[in-house]
Amino acid sequence: MKSILASTLVIALLSAAVGAPSAAPSGAGRTYLVLPYENVAEEPSLDWLSTCLAFTLGEYLKGTGSRVVDDEERAVLYEGSGLPAGAPLMLASAIQLGRKMRSRSSASRPDRLVLGRFLVTDGALTISARSIDLEGEKARPWVSREGRLTDLLQLQNRVALELLDDDGVPIRGSRASILERHSGDVPLLAFETYCRAMAETDSKDRLRLLRRAVRERPGYPKALYQAARILVRSERWSEAATMLDGASAEPHPYEKDFHLLRATVALEQDDPGKAAEAARNALRYADTPRGHVLLARALLATGERDAARAEMEAAEALDPNAPGLDRLRQALSDNTTE
């Protein structure tokens, strides 16, 4: 029973959108399609920035509670339109892409599209972005920031903050703390490696690059979290635990899923105490069925049946069909532990 239940929960955990919002969703209800940024100078050595800036802006948006069209859906959109990633787009062409995405029955229906572009000249960097209302087909003005290439992440975050302000998405907390959570203490080299990793579709290549990013910046929270996700998929529990334990901080905006992953791994390693702590941490970020199911499993493993039943009921109240609930019910009714 344990292995089947664990597999069900792992699949449910990892099938969730990467980087689900970790705090109260101030941008809830809005869905963004972020296009790869245009490389204005057409410098091939900097092409990695095109997808990197789009990906990190997506992380920023998720941190506000907004939804973001994932990279795979966006890639299908580009392929179907015969466009290379980062191709220059006129406003009308961008709106047409948004219409296509909104018309796809199996895809997310974005109500906002973000166009971006960057220019690097002699070490100086300019990043620009604009939001387009796809329902009203109206574009907001460009938001731009200039600085040194070494300040890439800070510049990107400032553009994101102004873009959200201009788009009417309320931002909670001070701007300084928001920028710090997103920027952290990450050198440009490690950040570039992380971006290259997240652009990889092959899991082995992605894991290899994520490991390199961690070597370049020991304790790199996002890189360690993303690496652990890959390891969990292949049930390499010990390696995944090592990755998660090595994080120097919670990875923003992945805090909730980081703790859910820790709880899953701890249960596989027969450490219900650690699993319960991690599940409770996840529930502090968001009240989710998965969090309650994982906490119930941890409590059941330590013989706290009444507490486990209460957590099961909390999960049922949120989603009576949540993954893992049926087997949890069976475990409790059988009067046995998992």
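Numbers here are sequence positions counted from 1. Basis for what follows: all heavy atoms, side chains included, without hydrogens, waters or symmetry-related copies.
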Report whether M198 and M243 are members of the same hydrophobic cluster (ILVMFWY, side-chain heavy atoms less than 4.5 Å apart, transitive linking).
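In one cluster with M198: M243, yes.
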
Is there a continuous path of hydrophobic side-chain contacts, each under 4.5 Å between heavy atoms, that joins L161 to L53?
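Per the 4.5 Å side-chain linkage, L161 and L53 are co-clustered.
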
Using only atom types and a distance under 3.5 Å, with no angle test, would you say the side chain of [X] pairs donor to acceptor with the backbone of [Y]?
| X | Y | result |
| --- | --- | --- |
| T56 | C52 | yes |
| S103 | K100 | yes |
| T288 | G291 | yes |

Answer yes or no: is there a side-chain heavy-atom contact under 4.5 Å between D71 and R74?
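In short, these two side chains touch, coming nearer than 4.5 Å.
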
What I'd like to find out is whether the side chain of L119 reaches to under 4.5 Å of the side chain of L125, using heavy atoms alone.
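No, every pair of side-chain atoms sits at 4.5 Å or beyond.
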
Side chains of [X] and [Y]: do they bring a donor and an acceptor to under 3.5 Å?
| X | Y | result |
| --- | --- | --- |
| E59 | H252 | no |
| Q96 | R99 | yes |
| T31 | R102 | no |

Plane angle bin for W48 and F191 - parallel if under 30°, tilted between 30 and 60°, otherwise perpendicular:
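Judged by the thresholds at 30° and 60°, the geometry between F191 and W48 is perpendicular.
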
With a 4.0 Å cut-off, would you call [X] and [Y] a salt bridge?
| X | Y | answer |
| --- | --- | --- |
| E311 | R297 | no |
| E239 | R211 | yes |
| D257 | R290 | yes |

Closest approach of P221 and A247, non-hydrogen atoms and distance?
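Looks like CA-CB, 4.2 Å.
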
Taking all atoms of both residues into account, what is the closest heavy-atom pair of Y220 and A190, and its distance?
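Shortest heavy-atom contact: CE1-O, 3.6 Å.
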
Roughly how far, to the nearest 0.5 Å, is the CD atom of E250 from the NZ atom of K222?
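Interatomic distance, K222 NZ to E250 CD, rounded to 0.5 Å: 13.5 Å.
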
S333 side, atom OG; R329 side, atom CZ - distance, nearest 0.5 Å:
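With rounding to 0.5 Å, OG (S333) is 10.0 Å from CZ (R329).
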
Mind checking who shares a hydrophobic cluster with V76, ILVMFWY linked at side-chain heavy-atom distances under 4.5 Å?
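V76 shares its hydrophobic cluster with no other residue.
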
Listing request: all salt bridge (Lys or Arg N to Asp or Glu O under 4.0 Å) pairs with a residue in residues 112-132, at least two apart in sequence or in separate chains.
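Non-adjacent pairs meeting salt bridge (Lys or Arg N to Asp or Glu O under 4.0 Å): R112-D133, R112-D167.
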
Which salt bridge (Lys or Arg N to Asp or Glu O under 4.0 Å) pairs, counting each pair once, include a residue from residues 142-154, with sequence neighbours left out?
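Qualifying pairs, neighbours excluded: R145-E162, R148-D151.
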
For this output row, return yes or no: ring centroids of Y254 and Y225 closer than 6.0 angstrom.
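Ring centroids of Y254 and Y225 are less than 6.0 Å from each other.
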
